[in-house]
Structure formats: structure tokens, C-alpha cells
Amino acid sequence: YRIEATDAAKRNLEVTLFIHARQPMSEDYTFSVKARDAKDRVWGQEDKQAGSNSYPTTQWSVGDVIIEKFYPGLNACAPAGDYRVTVEVYNPKTMQPLARTDRAEPWAELGMTRADASPGNLYEHLEAERKLDIEIAPARLLGYTLTPTELRAGESFSLALFWHGVGDGTQTRRVTLRLRDASQRDFVLAEKDVTLARAGRGTCVFFDFEMPSAVTAGPSALLVNATQITTIKVIR
């Protein structure tokens, strides 16, 4: 294999697999190349058969060497950091992965790659689960994705915020995320300086949290600076 990137931020990954056919195959298998973070979350993926879906494994001859490129580019919300690149093989009819003989996981780890923060994304690539259009000066918040929306004190959750670009791409915005629980107590979850994409592009900023242990059960407001964007249900 070979792992490269086609952009300065190293987010547009290009993975080349060199595959040696050792015996005839009676099924047409699909190859899946993924970029995973330290928590095994998948941030980039491409699935296809060899030959860009034109050379199925049932047509391979013993001794063939197949060279195939995959482009599992990191999505808009993937934060800067290290990612493991893996490959697995599965039957697309049954979705059953081929087992390995040396370990329980069906995938093989190819290597590590490090990506920088995204300099900006097309708006159509900002896949917010909940659409918004509210001003949190000097920028507009286009939406968010929250996972999960119901949890207990001490449990982990994540938030992605999608911002409209502004200016020439050098402006920063101080973002403070707060949780206001059912007892009207405020908890600061995170504070971060966000560099906004240039006008005409968008920025996604991803956060990992842990629900404060002292939070009161019931509906809790999630605020970006002073603006409430949604409610989280804290259960016992």
C-alpha cells in the first residue's frame, strides 16, 4: 500500500493498494478503505470493487497483481489530528466481511496519517443534521449535529458546528459552549478560537464532551456563546 494526500492540509487522502491474487474466487468482493480516529470513528471512506468497479474478483486470475487507488477523503467535520487508515473486504450481497486468520477485527491497519484543520468547505459538503441560520457575530451559524441527544451524567457526547465563511479566511471567533441544566446552573463545556473559512465557503468545528457529573436530570439548554441552539435531555 501507499498513503498520500493531494492537498496541503493532507485531508484529500489517496490510498494505493497492491493486491496479489493467490487463488480463484467465486464471489465478487468489495474493498473498503477507511480513515479512523483514536476512538475508531470513521471520518473518511471509499468502498468499491477493483478497476473502479469494472474488474470483479471472480475475473481475477491466480498470480494477478491488481493496483487500485482509493480516495477516502476526510469529511468536513474531521478535526486536525492523527488517523489510522484501514482496509477490509466484504461480500456486498450479504455485507459479511472476510475474516482474518490472525485477529478478531476484519480490517487490516495500513498506517497512520496526520491531517491539518480544513481551510474551508463547499456549503453542499456541510452535512448538518439540524439546519440553522442565526447570527453569532461576526459569523452565521448554519447548523449543528449532536450525538446523542439524550444521555446520563458522565456519558460522552459530541457536537459539530457549521459556520458560514466571512472575509478573507483569516478572521477568528471565540466560541464558548455552555450547558444550562434543569436547575439553571451553567457548565462551561469548551472554549475555543475558531478560524472561519473565507466568504463563500464553510467551516465545521467538532467537539467531544463528557456530560458533567453534577448536572441535574431534565432538559438542559446547549448554548453557543449566549445563544441557545438546542436542548439535551439528561436522564437518571
Arg140 side chain to Asp133 main-chain N or O, any donor-acceptor pair under 3.5 Å?
yes
State whether Trp107 and Arg36 meet the cation-pi test: NZ (Lys) or CZ (Arg) under 6.0 Å from the six-membered ring centroid, and within 45° of the perpendicular axis.
yes
Is the NZ atom of Lys48 crowded by more than 12 outside heavy atoms at less than 6.0 Å?
yes
Between the side chains of Asp193 and Arg174, is the shortest nitrogen-to-carboxylate-oxygen separation below 4.0 Å, so that they form an ion pair?
yes
Side chain to side chain contact (heavy atoms under 4.5 Å, CB included) for Gln96 and Glu27? Distances and angles first, verdict last.
CA-CA 12 Å; Gln96 182 70 29; Glu27 299 285 348; over 6 Å; no
Check for me whether the distance between the ring centres of Trp163 and Tyr144 falls short of 6.0 Å.
no
Salt bridge check: are Asp208 and Lys39 linked by an N-O gap of less than 4.0 Å?
yes
Over 60° means perpendicular and under 30° means parallel, so classify the ring planes of Phe209 and Phe157, tilted if in between.
tilted
Between Asp181 and Arg185, does at least one N-O distance fall below 4.0 Å, as a salt bridge requires?
yes
Look at the aromatic rings of Tyr123 and His164 and report parallel, tilted or perpendicular, splitting at 30° and 60°.
tilted
Do the charged groups of Arg2 and Glu14 touch, with an N to O distance under 4.0 Å?
no
Over 12 foreign heavy atoms within 6.0 Å of CD, Glu109
yes
Test item: Thr16 side-chain N/O and Lys69 main-chain N/O as donor-acceptor pair under 3.5 Å:
no
